[in-house]
Student: 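Okay, here's the structure, questions in a sec.
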Amino acid sequence: MKAAPSRSSSPLRKARLSPYCAFTFISFIIFVAILYGEDFRSTLSQRRQIDRADDHLADRSTSRDEKIPPFAIGRTEEGCDLFSGRWVRDQSTRPHYEESDCPYIQPQLTCQQHGRPDKDYQYWRWQPHACSLHNFNATVMLEALRGKRMLFVGDSLNRGQFVSLVCLIHSIIPENAKSMEASYDSLTVFRVKEYNATIEFYWAPFLLASNSDNAVQHRVQDRIVRRGSINKHGKYWRGADIVVFNTYLWWMTGSKMKILKGSFEDEVQNIEEMTTEEAYRMAMKSMLRWVQRNMDLKKSRVFFTSLSPTHTKSTDWGGDQDGNCYNERTPIEDPMYSILDSGTSIMQVIRDVFGKSTVPISLLNITRLSSYRKDAHTSIYKKQWSPLTQEQLANPVSYADCVHWCLPGLQDTWNELLFTKLFYP
Ligand SMILES: *[C@@H]1O[C@H](CO)[C@@H](O)[C@H](O)[C@H]1NC(C)=O
Ligand SMILES: *[C@@H]1O[C@H](CO)[C@@H](O)[C@H](O)[C@H]1NC(C)=O
Ligand SMILES: *[C@@H]1O[C@H](CO)[C@@H](O)[C@H](O)[C@H]1NC(C)=O
């Protein structure tokens, strides 16, 4: 295995500390202040008023009055739940890009290239009930990343969100000014040269160390996760300015989770069994502890993308007995529809652990809005890893992928939510 590049000696790190960088950062603030003059001034004056009020009223504290989070350039209307809304058909502003115009999409997600007959899934816009999402603006995103490192950590669904973000911004960057490379096994880096900016993806499907950590050959039958081992991966995440975590599907083994207490090298492995919920709770706590110990939250932001739902049984939404996402072309319209499987108790764990924590982590609660999107999966329109048998070909339902999502598509919306939470918290 190749050695990981050392972060502390990278040019990126040095650049971040240079006076020139401070200068560009200040210029950016001014740039933003001019563009978003009203918002910015009013947030500042709001802030001053709060400071004054605080002098008189020491115990005055509502969550809205806390200091402005890093990267914020405005506010989302108070009381607006971005995650509660509906899908609106929109053929004028969607999709944000064409599949064929984004060379970074992995062949598991290029549905058009693999013969999907319709593009219906590309023309939906998420409309929250109480307000609107801010339009994704690639210029704003890229300027904010100047001299910065943005990192997605998790499984293949997070990789999809990472690629979607790269697709959303890459067209404004000249051809010779950007690159995508796998710098070592678990890390993929998209680099914007003139900006000294990177957007990266780190493969760690459990966040903790596990026997599924090989980014290429990770399809193991008997999954084992090692307790207290987040630093095995976490040491490569240090210095990131924006981190987006996810982890979920790999925990859904259908039976108890095997948790290793010692090391994978021990001759006799000390393995304990835990329920999925207990094991997941352990991982969530490790993640929050890692953030607390390793990130400067005065300058950086952390997000967690909630469970990505699957559509493996049509009966869940009142469809055919033997169907799944294959051939689905429209979202589920019933607003009360939600995944009814084990996801519910995992969501409860997330709510619980985040609720008790003081770490300011923003939840991208994509679960329900994605659960309406039975039409958005890659289904059979993706690269197949092994040749299909006659039986499979005769019955496409049997090999449809109802886990991953076509790009462009649903995951662009996840990034619009990320954009809104990052800049307009
Ligand atoms: C970007 O990095 C290069 C070296 O990699 C350095 O020469 C340059 O000054 C940096 N630019 C900024 C804006 O930090
Ligand atoms: C996610 O959003 C849905 C829809 O608004 C809500 O029902 C659910 O409780 C939220 N989950 C969490 C963990 O906040
Ligand atoms: C994106 O933001 C830039 C800079 O703030 C602005 O000039 C541009 O008009 C915006 N683009 C869109 C499509 O809103």
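Both ligands and their constituent atoms are indexed starting at 1 by order of listing.
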Student: Under 3.5 Å, N/O to N/O: give me all the pairs between ligand 2 and the protein, one per line with atom names and distance.
Tutor:
residue	atom	partner	partner atom	Å
ligand 2	2 (O)	N365	ND2	2.3
ligand 2	5 (O)	D81	OD2	3.4
ligand 2	9 (O)	R351	NH2	3.2
ligand 2	11 (N)	N365	ND2	2.9

Student: How would you list all residue pairs meeting salt bridge (charged side-chain N to carboxylate O under 4.0 Å, His left out) that involve residues 281-291, not counting sequence neighbours?
Tutor: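 Sorted pair list: R281-D352.
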Student: Students often mix this up, so state it plainly: with edges at 30° and 60°, are the rings of H377 and W405 parallel, tilted or perpendicular?
Tutor: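 Rings of H377 and W405: parallel, under 30°.
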Student: Which residue in the set Y121, Y123, W126 passes ring-ring contact (aromatic ring centres under 6.0 Å, His included) when paired with W87?
Tutor: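 In the set Y121, Y123, W126, the residue that makes a ring-ring contact (aromatic ring centres under 6.0 Å, His included) with W87 is W126.
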Student: Do you see a donor-acceptor pair shorter than 3.5 Å between the side chains of D412 and S164?
Tutor: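 Indeed, the side chains of D412 and S164 share at least one donor-acceptor pair under 3.5 Å.
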Student: So is V140 in contact with ligand 3, going by heavy-atom distances below 4.0 Å?
Tutor: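 So V140 counts as touching ligand 3.
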Student: Applying side chain to side chain contact (heavy atoms under 4.5 Å, CB included), can you list everything that pairs with R329, at least two apart in sequence or on another chain?
Tutor: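 By the side chain to side chain contact (heavy atoms under 4.5 Å, CB included) rule, R329 matches P117, D118, D120.
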Student: Backbone or side chain, does any N or O of N137 fall under 3.5 Å from an N or O of ligand 3?
Tutor: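 Yes; the residue has a nitrogen or oxygen that sits under 3.5 Å from a nitrogen or oxygen of the ligand.
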Student: Do W317 and E328 meet the criterion of a side-chain donor-acceptor pair at a distance under 3.5 Å?
Tutor: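 There is such a pair (donor and acceptor under 3.5 Å, judged by atom type) between the side chains of W317 and E328.
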Student: For a quick test of your reading: what N or O donor-acceptor pairs under 3.5 Å do the side chains of residues 165-178 make, sequence neighbours left out?
Tutor:
residue	atom	partner	partner atom	Å
H170	ND1	K178	NZ	3.2
H170	NE2	D101	O	3.0
K178	NZ	H170	O	2.9
K178	NZ	I173	O	2.9

